[in-house]
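Presented below is the structure to which this report refers.
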Number of protein chains: 2
Amino acid sequence: MQEMITQVRRFNRLVTRRVGALDERYLTRGRSLGAARMLWEIGARGEEVRRLRARLGLDSGRASRLLRGLEADGLVELRPADGDARVRVAHLTARGRSEHAVLDRLSDDLARGTLAPLSARQRQRLVTAMAEVERLLTASAVTIETTDPEHPDARQCLRAYLDELNARSPTPYDPAAGVSAEPHEFRAPLGAFVVARLGGEAVGCGAVKHPPRRPAEIKRMWVSDRARGLGLGRRLLETLETTAIASGATRLRLETNRTLTEAIGRYRSTGYEEVAPFNHEPFADHWFEKVVDRSTA
Amino acid sequence: MQEMITQVRRFNRLVTRRVGALDERYLTRGRSLGAARMLWEIGARGEEVRRLRARLGLDSGRASRLLRGLEADGLVELRPADGDARVRVAHLTARGRSEHAVLDRLSDDLARGTLAPLSARQRQRLVTAMAEVERLLTASAVTIETTDPEHPDARQCLRAYLDELNARSPTPYDPAAGVSAEPHEFRAPLGAFVVARLGGEAVGCGAVKHPPRRPAEIKRMWVSDRARGLGLGRRLLETLETTAIASGATRLRLETNRTLTEAIGRYRSTGYEEVAPFNHEPFADHWFEKVVDRSTA
DNA sequence: CACATTCTCTGACATAGATCAGACAATGCA
DNA sequence: TGCATTGTCTGATCTATGTCAGAGAATGTG
């Protein structure tokens with residue numbers, strides 16, 4: 001493990017010093033770093049000031065002054081938003097757009113400069129390795145937290161979950177038709193609802209009911225398209241199992257639809273065995289159960 | 001190619017924002033980023049102020065003030081250097097060393113935090129990909145420049161080259177014994193000497209003689225241990241060939257020692273064919289020649 | 001020895017960036 | 001309608017950083 005940690009640290013050091021420093025030197029073009037980033041984030045279609053503030057992590061004062069600076073240079077126009085005149089929207093002027101295009105080209109040149117000294121084979125390997133690092137760092141940045149099932153993020157995940165079931169299944173899914181799933185069943189002490197988030201955005205969820213002296217039931221496992229392939233399903237499942245086991249569950253159950261082949265494979269590989277239907281969930285095609293060995297939990 | 005460039009840009013953005021920002025937030029511990037870096041760079045064995053300045057890219061005034069700040073906090077002691085009282089050496093005090101250890105531990109924790117959410121398999125893949133990115137970004141950062149054969153960097157490379165030949169060969173190598181290799185033969189217009197540098201340090205060299213209407217001769221190809229495996233030999237060879245061809249050479253020659261198996265493979269794979277000895281270089285075991293197709297050059 | 005050079009330190013000044021308090025207008029809500 | 005909230009802007013202040021000029025000590029060189 002220490003070797004891995006050392007590698008991560010060496011990577012971080014190299015990459016922040018070399019890549020970061022280069023980028024900042026070449027892409028500011030006489031402006032301050034803050035102003036350059038602001039210009040970049042406004043983008044071709046304009047952006048609300050409050051969102052720019054949030055994305056760049058700026059104080060309202062600083063954001064306002066940066067925007068006024070860009071406005072004075074004729075790169076940006078500020079207009080009230082349609083519908084809410086408190087909100088201001090920053091748009092790039094013609095000059096601003098051409099400046100944005102210059103930054104885009106410089107950014108391309110910089111990346112090209114990284115690839116240029118390498119052979120075709122090395123380039124291919126670098127790009128592949130970068131994609132892998134990016135994917136896994138993204139996976140690592142996903143947080144999983146217990147969240148109230150009526151929290152906006154939870155609701156949003158549930159809506160996405162149902163939409164997906166309906167899209168996959170020929171018969172429309174009716175959440176009221178099957179096993180009960182009231183919010184209070186997914187709150188402590190009877191259960192839990194967890195949400196996975198990536199940079200503030202909810203990208204997955206899962207729920208578990210673990211009433212005393214009954215098998216725990218895992219439900220509502222969902223992972224957003226943009227977080228597929230990050231091992232998030234496995235993490236959600238582990239989190240829910242841990243919660244249930246900590247609450248005394250010794251038997252875990254879940255049912256799933258036949259279209260969710262990836263999930264079915266995961267259940268089998270993590271110790272679930274297919275069993276006879278234990279409920280009348282109309283949408284389910286497979287029922288799984290896993291008996292927990294308390295000594296290893 | 002555009003896809004590759006896009007991947008590099010996406011990687012750079014992710015990594016500088018996510019990794020860089022995290023590092024800076026957690027590792028400053030109430031100090032300014034400059035002071036934290038200074039503390040880190042002084043290290044356990046102390047360091048000359050002028051070298052700290054160079055390494056951190058600081059103005060002498062700023063460096064002096066940062067050091068005075070650390071001294072006031074009891075973390076650093078400044079003493080004149082042995083032998084030259086103008087030079088000051090910064091040493092960590094006991095408190096400074098313990099603070100350094102704290103930073104080291106936090107840095108470990110940060111890296112551990114990156115790995116923690118991942119499965120064992122994902123960790124292994126991340127670390128492998130990071131090592132690959134690191135290796136290839138390092139390769140990409142190597143510059144190759146024409147350098148006078150009597151430049152200190154060139155001399156240092158040549159010394160290393162001779163040391164290595166002597167270490168590999170049972171009979172000591174005598175540079176005067178074989179084919180002439182006077183500095184002026186490696187200067188324009190008769191030839192060229194190129195040095196590969198990584199972050200200011202010379203890590204490889206190569207030379208070519210290309211007298212008019214005679215086969216060009218490639219000599220003195222050397223790559224430092226710390227730059228092995230970066231494809232640098234190939235780049236040096238290409239640079240020398242390009243120079244020779246641009247000066248009118250149509251036939252390229254080189255000789256090499258049998259112990260340099262990697263180089264021999266490279267020559268064969270880039271179009272060189274083994275020929276009968278064309279000189280009496282006593283150290284050489286193989287002689288190669290490549291005829292240049294001017295139309296593709 | 002006279003003089004140039006090297007290294008460090010200090011003063012002076014400018015900009016970038018962070019943070020707080022408060023003003024002001026638009027909006028939402030009871 | 002009255003009042004709280006939201007979003008933006010301005011003023012004030014502080015720290016961090018970058019840059020330049022010059023002082024002063026130690027050292028090297030003719």
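In what follows, every chain begins at residue 1, and chains take the letters A, B, ... in the order their sequences are listed. Bear in mind the structure is a predicted one, so any value in this text is a computation, not a measurement.
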In this structure, how many angstroms lie between the [atom2] atom of [N] and the [atom1] atom of [X], rounded?
{"X": "B/Leu66", "N": "D/dA16", "atom1": "CG", "atom2": "P", "value": "9 Å"}
{"X": "B/Arg62", "N": "C/dT8", "atom1": "CZ", "atom2": "C1'", "value": "16 Å"}
{"X": "B/Arg65", "N": "D/dT17", "atom1": "CZ", "atom2": "P", "value": "13 Å"}
{"X": "A/Asp59", "N": "D/dG7", "atom1": "CG", "atom2": "C1'", "value": "13 Å"}
{"X": "A/Glu48", "N": "C/dT27", "atom1": "CD", "atom2": "P", "value": "13 Å"}
{"X": "B/Asp84", "N": "D/dT27", "atom1": "CG", "atom2": "C1'", "value": "6 Å"}
{"X": "A/Leu67", "N": "C/dG17", "atom1": "CG", "atom2": "P", "value": "14 Å"}
{"X": "B/Arg50", "N": "C/dC9", "atom1": "CZ", "atom2": "C1'", "value": "16 Å"}

Exercise for review: Answer yes or no: side-chain N or O of B/Arg86 and base N or O of C/dT6 forming a donor-acceptor pair under 3.5 Å.
Suggested key: yes
Check your understanding: Do B/Ser60 side-chain and C/dC7 base share a donor-acceptor contact under 3.5 Å?
Key -> no
When you get a sec, tell me which of [options] is the closest nucleotide to the side chain of [X]?
{"X": "B/Arg68", "options": "C/dT8, D/dC9, C/dT10", "answer": "C/dT10"}
{"X": "A/Val49", "options": "D/dT8, D/dG18, C/dG17", "answer": "D/dT8"}
{"X": "B/Val87", "options": "D/dT27, C/dC7, D/dG7", "answer": "C/dC7"}

Point to revise | Of A/Gly61 and A/Ser32, the one whose closest DNA chain C nucleotide lies more 5' | key: A/Ser32
**Study point:** Pairwise 5' ranking along DNA chain C for A/Ala85 and A/Leu58, keeping only the more 5' one
**Key:** A/Leu58
Check your understanding: Taking C-beta and beyond as the side chain, do B/Val87 and B/Val49 meet within less than 4.5 Å on heavy atoms?
Key -> no
Check your understanding: Taking the six-membered ring for Trp, are B/Phe11 and A/Phe11 parallel (under 30°), tilted (30 to 60°) or perpendicular (over 60°)?
Key -> perpendicular
Review point. Any chance CZ of B/Arg55 has more than 12 other-residue heavy atoms, nucleotides or ligands included, within less than 6.0 Å?
Key: yes
**Study point:** Where B/Ala196 and B/Leu236 come nearest, the two heavy atoms and their spacing
**Key:** CB-CD2, 4.3 Å
Review point. Which heavy atom of B/His100 sits nearest a heavy atom of B/Leu39, and at what distance?
Key: CD2-O, 3.7 Å
Practice item. Look at all strands and tell whether A/Gly83 reaches a base, only sugar-phosphate, or nothing, counting heavy atoms closer than 4.0 Å. Key: sugar-phosphate
